[in-house]
Amino acid sequence: MKNVLITREKEQFEEVKKLFEKEGFNPISFPTIKFEKIPLEGFNESEFDFLIFTSKNAVKIFLQQVDLSKSKPIIAVGSKTAKFLIENGFENVEIPDTFSSEGLKDYLYENIERFKNKKFALVRALEGSEILLNQSEFEVKLIPVYKTVFNKPENIEEVEKMLKDKKIDAVVFSSPSTFKGFINVFGLDKTREFLEYPLVCAIGSVTEQEIKSHGIKVNIVPEKFTFEGILEELKKRWNNY
C-alpha cells in the first residue's frame, strides 16, 4: 500500500483521508500548519457589491460571525467552496474556472463589464497573494477571518523515520504555508533530503513555485487545483503497483 503524507491542517484531514483510502492508498496526517481565528469587527455587507471566498474554511469561520444575506452575490474559489455555500442556502454563487488568485483575477477582468467599479470583500486568511489588491478597475478589500501559523505535528518522530527509510511514497503540499511549515519542522537541509525519494505534489502553481524556489523538485501539479486532482495524477503514476 502506498503511503501518502498529507500536510494540511488537522481538522481538514478527514475528508481527504476518505478520498485516498477509497483508492487503496494510506493517507498519513502530518499537519504542518494550524488556523487561528481572527475576530470580525464592524463588517457591513451593504458596503460591498460582491463577496469573494477563497476556501471552505473561510466560509465556515465567516458565517460563525456574520449573518449574511442568502441572496448576496458571491464568487467562490473552488468547487468545494461553492458547494458548501450552496448547501448553506446561498443562491447567487459563481465559480472561476481556475482555482487560484491568478485565475480569480483573470475571471474578474474577463468579465470587467460586470465588475468595473464594483467593491469586493475578499474573505480569506490573513496571509496570501496580494494580486487582487490595489486594482484600478475595481476595489478589493481584504477581510481576514483567520491566520495560518506553523504547527508541530504529534507524529514527527514516526514520520521522520518513515521518510529516512523511504517508506513515504508521496508528500502533498496544499499551499505554500504547508511547505514552509514542513521546513519549520525539519529544517531546509533535512527537507531537501527527505523529499528526494517521494513524489512531491503541489496544489496550485504558487505552491509549486514556493517549493522549487528552495531547490526541490515538484513531480505533480494537477490541472485542477484540488486533492481530487492530486489523487487522479497519483493513480496514473501508480496504476500498476
Item checked: ILVMFWY cluster, V185 and V4 together (side-chain gap under 4.5 Å) -> yes
Checklist line | Closest contact, heavy atoms only, I33 versus S177 | finding: CG2-O, 3.4 Å
Next item on the list: Please round to the nearest 0.5 Å and tell me the distance separating atom CD of Q65 and atom CD1 of I38.
Entry: 9.5 Å
Note to self: Under 4.5 Å between side-chain heavy atoms, counting indirect links through other Ile/Leu/Val/Met/Phe/Trp/Tyr residues: same cluster for F182 and V172 or not?
What the structure shows: yes
Next item on the list: Report yes if the side chains of L199 and V171 come closer than 4.5 Å at any heavy-atom pair, otherwise no.
Entry: no
Check: Heavy atoms, side chains only, cut-off 4.5 Å: are F20 and L234 in contact?
Finding: yes
Notebook entry, point to check: Can you get from L19 to W238 by hopping between Ile, Leu, Val, Met, Phe, Trp and Tyr side chains that sit under 4.5 Å apart?
Noted result: yes
Note to self: Salt bridge or not between K34 and E11? Use side-chain N to carboxylate O under 4.0 Å.
What the structure shows: no
Margin query: Keeping T178 on the side-chain end and F173 on the backbone end, is there a donor-acceptor pair under 3.5 Å?
Written below: no
Item checked: Closest approach of L104 to P96 (non-hydrogen atoms, all atoms of both residues) -> CD1-CG, 3.9 Å
Next item on the list: Ignoring hydrogens and angles, tell me if any N or O in the side chain of E208 forms a donor-acceptor pair with the backbone of A202 under 3.5 Å.
Entry: no
Next item on the list: Flag yes if more than 12 heavy atoms outside E154 fall under 6.0 Å of its CD atom; otherwise flag no.
Entry: no
Check: Does S29 offer a backbone N or O that forms a donor-acceptor pair with the side chain of N155 under 3.5 Å?
Finding: yes
Next item on the list: For the pair R192 (side chain) and H214 (backbone), establish whether a donor and an acceptor sit closer than 3.5 Å, ignoring hydrogens and angles.
Entry: yes
Check: Mind checking whether I95 and Y107 have side chains closer than 4.5 Å, heavy atoms only?
Finding: no
Margin query: Could you check, using the six-membered ring where one of them is a Trp, whether F90 and F84 have ring centers closer than 6.0 angstrom?
Written below: no
Next item on the list: Decide, yes or no, whether a salt bridge links E102 with K105 under the criterion of side-chain N to carboxylate O below 4.0 Å.
Entry: no
Next item on the list: Using the side chain to side chain donor-acceptor pair (under 3.5 Å) rule, collect all pairs that involve residues 164-175, keeping only residues at least two apart or in two chains.
Entry: K161-D165
Next item on the list: Decide, yes or no, whether a salt bridge links K18 with E21 under the criterion of side-chain N to carboxylate O below 4.0 Å.
Entry: no
Note to self: Parallel, tilted or perpendicular, judged at 30° and 60°: which one describes the rings of F30 and F186?
What the structure shows: parallel
Next item on the list: Write down the atom of T81, the atom of V59, and the distance for their closest heavy-atom approach.
Entry: CG2-CG2, 3.8 Å
Note to self: Does any part of the side chain of V159, heavy atoms only, come nearer than 4.5 Å to the side chain of L5, both counted from C-beta?
What the structure shows: yes
Check: Do NZ/NE/NH1/NH2 and the carboxylate oxygens of E87 and K83 come within less than 4.0 Å?
Finding: yes
Notebook entry, point to check: Rounded to the nearest 0.5 Å, what separation is found between the OG1 atom of T207 and the NZ atom of K180?
Noted result: 10.0 Å
Item checked: Ring centres under 6.0 angstrom apart (F115, Y109) -> no
Next item on the list: Go through the steps for E232 and K224 under the test salt bridge (Lys or Arg N to Asp or Glu O under 4.0 Å), then give the verdict.
Entry: CA-CA 10 Å; E232 287 305 311; K224 285 278 189 183; over 6 Å; no
Check: Are the charged groups of K70 and E91 less than 4.0 angstrom apart, N to O?
Finding: no
Next item on the list: Could you give me the CA-CA distance, side-chain angles and deciding distance for E137 and K118, then say whether salt bridge (Lys or Arg N to Asp or Glu O under 4.0 Å) is met?
Entry: CA-CA 8 Å; E137 300 292 327; K118 299 297 184 183; over 6 Å; no
Check: Rounded to the nearest 0.5 Å, what separation is found between the CZ atom of R114 and the CG atom of N117?
Finding: 14.5 Å
Next item on the list: Might you confirm whether atom CD of Q64 has over 12 heavy atoms from other residues, nucleotides or ligands at distances under 6.0 Å?
Entry: yes
Item checked: Over 12 non-hydrogen atoms of neighbours within 6.0 angstrom of CD in E130 -> no
Notebook entry, point to check: What are the two closest non-hydrogen atoms of I75 and L108, and how far apart are they?
Noted result: CD1-CD2, 3.7 Å
Check: Within 45° of the six-membered ring axis of F48 and under 6.0 Å from that ring's centre, is NZ or CZ of K119 located there?
Finding: yes
Notebook entry, point to check: Rounded to the nearest 0.5 Å, what separation is found between the CZ atom of F35 and the CD1 atom of I61?
Noted result: 7.5 Å
Next item on the list: Flag the pair V200 / I211 as yes when at least one side-chain heavy-atom distance between them is below 4.5 Å, and no otherwise.
Entry: yes
Note to self: A quick test of your reading: do over 12 heavy atoms of other residues, nucleotides or ligands sit less than 6.0 Å from CD of E113?
What the structure shows: yes
Check: Can you tell if the side chain of E23 reaches within under 4.5 Å of the side chain of L231, non-hydrogen atoms only?
Finding: yes
Margin query: What I want to check is whether the side chains of K56 and Q12 have a donor and an acceptor closer together than 3.5 Å.
Written below: no
Tabulate below the donor-acceptor pairs under 3.5 Å that side-chain atoms of residues 145-152 make, not counting sequence neighbours, or state none.
unit_1 : atom_1 : unit_2 : atom_2 : d
T148   : OG1    : E127   : OE1    : 3.2
N151   : ND2    : P31    : O      : 2.8
K152   : NZ     : N184   : O      : 3.1

Check: Are there more than 12 heavy atoms of other residues, nucleotides or ligands under 6.0 Å from atom NZ of K80?
Finding: yes
Checklist line | side chain to side chain contact (heavy atoms under 4.5 Å, CB included) between I74 and I52, worked out | finding: CA-CA 6 Å; I74 294 173; I52 300 171; over 6 Å; no
Next item on the list: For residues E47 and N44, determine if any side-chain heavy atom of one lies less than 4.5 Å from a side-chain heavy atom of the other.
Entry: yes
Check: Mind checking what makes ring pair (Phe, Tyr, Trp, His ring centres under 6.0 Å) contact with F62, not counting sequence neighbours?
Finding: F43, F53
Note to self: Evaluate N57 against S55 for side-chain hydrogen bond (donor to acceptor under 3.5 Å, both in side chains), listing each step before the verdict.
What the structure shows: CA-CA 5 Å; N57 191 54; S55 67; 5.2 Å; no
Notebook entry, point to check: Is there side-chain contact between S205 and V221, with heavy atoms separated by less than 4.5 Å?
Noted result: no
Item checked: Rounded distance (nearest 0.5 Å) linking atom NZ of K10 with atom OG1 of T32 -> 14.0 Å
Notebook entry, point to check: Are L133 and F138 co-members of a hydrophobic cluster defined by side-chain heavy atoms under 4.5 Å apart?
Noted result: yes
Note to self: Ignoring hydrogens, what is the shortest heavy-atom contact between I203 and I230? Give both atom names and the distance.
What the structure shows: CG1-CG1, 3.6 Å
Next item on the list: Might you point out which heavy atoms bring A76 and V93 nearest each other, and give the distance in Å?
Entry: CB-CG1, 3.9 Å
